[in-house]
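I have placed the structure first, in the form of structure tokens, so that the comments after it can refer back to it.
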Amino acid sequence: MKQALVDDTEDVSLDFGNEEELAFRKAKIRHPLATFFHLFFRVSAIITYVCCDWFSKSFVGCFVTVLLLLSLDFWSVKNVTGRLLVGLRWWNQIDEDGKSHWIFEARKVSPNNIAATEAEARIFWLGLIICPMIWIVFFFSTLFSLKLKWLALVVAGISLQAANLYGYILCKMGGNSDISKVAASFLSQTVFQTACPEDFQKPGLEGLEIHQH
């Protein structure tokens with residue numbers, strides 16, 4: 001009887017990897033410092049632009065301060081927060097022939113290198129999308145109110161933040177250079193991620209290179 005009981009018993013291997021990864025992705029923020037600076041510079045630039053007339057009457061001082069915050073935001077998002085919060089990185093380089101090359105990288109998910117948490121991903125993409133839209137609103141308000149001296153600063157804000165948004169969308173969508181298809185696909189995946197976050201998986205990119213002519 002004891003031997004029969006042993007024979008009828010089968011070893012069942014339980015895979016806790018997916019459960020652990022899902023619990024990790026639903027956990028709280030893993031990189032608080034990177035998350036803070038992802039929003040700090042761009043929000044500070046917006047607040048400084050809106051309130052600079054209250055704090056200082058120096059146009060040059062306000063202009064330089066906002067431009068410095070925008071530059072710090074561009075560098076930190078492009079080189080630090082994107083890599084830590086969503087595992088993506090992009091850059092553009094010019095070869096010896098003068099041709100522009102878009103290069104995209106994505107962090108591979110492994111047992112020792114788990115994907116970013118959902119909270120970090122949401123904060124990253126919301127900050128990346130909403131702030132350029134605010135600068136577009138500033139552009140039209142500046143244009144219609146005839147405050148043309150601020151127009152160059154607003155255009156710089158749109159350009160720097162839109163460049164990061166464009167680069168990261170291309171990186172996330174696999175380097176597709178057709179921006180209309182990229183935008184439609186990105187919107188559909190964003191809606192799907194919001195509805196079913198546990199079923200969402202990032203496309204795996206590693207050393208992908210796109211040549212733009």
Side-chain angles (χ1 to χ4, degrees), residues 29 34-55 62-92 102 104 116-195 197 200 202 212:
I29 295 173
T35 304
F36 171 77
F37 281 106
H38 177 70
L39 298 175
F40 174 76
F41 290 123
R42 54 185 49 215
V43 173
S44 296
I46 292 173
I47 294 176
T48 304
Y49 173 80
V50 173
C51 303
C52 63
D53 287 337
W54 300 348
F55 299 144
C62 294
F63 190 98
V64 172
T65 301
V66 175
L67 189 60
L68 179 61
L69 290 170
L70 289 171
S71 301
L72 291 173
D73 169 73
F74 178 82
W75 184 89
S76 62
V77 172
K78 179 177 178 293
N79 297 296
V80 180
T81 63
R83 178 173 54 85
L84 294 177
L85 300 184
V86 292
L88 300 175
R89 186 174 63 171
W90 69 271
W91 68 92
N92 182 277
W102 287 86
F104 307 96
T117 65
E118 293 178 5
E120 290 177 337
R122 286 196 181 99
I123 291 173
F124 178 83
W125 289 109
L126 286 175
L128 204 64
I129 294 171
I130 293 175
C131 290
M133 296 174 63
I134 295 176
W135 283 104
I136 292 175
V137 174
F138 288 162
F139 174 81
F140 288 106
S141 65
T142 301
L143 199 62
F144 293 147
S145 61
L146 298 178
K147 296 181 179 179
L148 301 182
K149 65 178 182 179
W150 296 103
L151 196 59
L153 182 60
V154 174
V155 170
I158 295 174
S159 302
L160 290 173
Q161 299 201 351
N164 262 329
L165 177 61
Y166 179 78
Y168 276 112
I169 289 179
L170 285 182
C171 188
K172 186 177 179 66
M173 304 312 298
N176 189 347
S177 58
D178 189 337
I179 189 60
S180 60
K181 293 181 180 179
V182 167
S185 179
F186 178 75
L187 179 60
S188 64
Q189 287 201 12
T190 302
V191 173
F192 178 75
Q193 182 182 9
T194 303
F200 182 80
K202 292 189 308 180
Q212 181 177 356

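- For residues 62-84, the set of pairs meeting the ring pair (Phe, Tyr, Trp, His ring centres under 6.0 Å) definition, not counting sequence neighbours, comprises F59-F63.
- Interatomic distance, OH of Y168 versus CD1 of I129, reported as 13.5 Å (0.5 Å rounding).
- Residues V77 and H38 have side chains in contact (heavy-atom distance under 4.5 Å, counting atoms from C-beta outward).
- Contact detail for A156 and L67: the closest heavy-atom pair is CB-CD1, 4.1 Å.
- To the nearest 0.5 Å, the span separating CG on N164 from OG1 on T81 amounts to 7.5 Å.
- Note that the CG atom of L39 and the CD1 atom of I130 stand 9.5 Å from one another [nearest 0.5 Å].
- Taking each heavy atom of I29 and A119 in turn, the nearest pair found is CG1-CB, 4.2 Å.
- The shortest non-hydrogen separation linking T117 to E120 is OG1-CG, 3.1 Å.
- Taking both residues in full, the closest heavy atoms of P132 and L165 are given as CG-CD2, 4.5 Å, listed atom of the first, atom of the second, then distance.
- Closest heavy-atom contact between L84 and A34: CD1-CB, 3.7 Å.
- Annotation: side-chain contact (heavy atoms from CB on, under 4.5 Å) contacts of V64 (sequence neighbours excluded): V60.
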How far apart are the C-alpha atoms of F37 and V80, what are their side-chain angles, what is the distance that settles it, and do they pass the side-chain contact (heavy atoms from CB on, under 4.5 Å) test? CA-CA 10 Å; F37 281 106; V80 180; over 6 Å; no
Distance-only donor-acceptor pairs under 3.5 Å for side chains of residues 40-51, two or more places apart:
{"residue": "R42", "atom": "NE", "partner": "D73", "partner atom": "OD1", "Å": "2.9"}
{"residue": "R42", "atom": "NH1", "partner": "G127", "partner atom": "O", "Å": "2.7"}
{"residue": "R42", "atom": "NH2", "partner": "D73", "partner atom": "OD2", "Å": "3.0"}
{"residue": "S44", "atom": "OG", "partner": "F40", "partner atom": "O", "Å": "2.6"}
{"residue": "T48", "atom": "OG1", "partner": "S44", "partner atom": "O", "Å": "2.7"}
{"residue": "Y49", "atom": "OH", "partner": "T142", "partner atom": "OG1", "Å": "3.0"}

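- Looking at heavy atoms from C-beta onward, C62 lies in side-chain contact with W150 at the 4.5 angstrom threshold.
- In this structure, OG on S141 lies 10.0 Å from CH2 on W135, to the nearest 0.5 angstrom.
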Going through the checks in order, is the side-chain contact (heavy atoms from CB on, under 4.5 Å) test met by F55 and T65? CA-CA 12 Å; F55 299 144; T65 301; over 6 Å; no
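- You'll find the side chain of L88 stays beyond 4.5 Å of the side chain of F124, heavy atoms only.
- Qualifying side-chain contact (heavy atoms from CB on, under 4.5 Å) partners for F140, counting only residues two or more places apart in sequence or in other chains: I136, F144.
- The side-chain contact (heavy atoms from CB on, under 4.5 Å) search around W91 returns K78, R89, Q93, I103, E105, not counting sequence neighbours.
- Here salt bridge (charged side-chain N to carboxylate O under 4.0 Å, His left out) pairs that include residues 131-156, with residues two or more places apart or in two chains, number zero.
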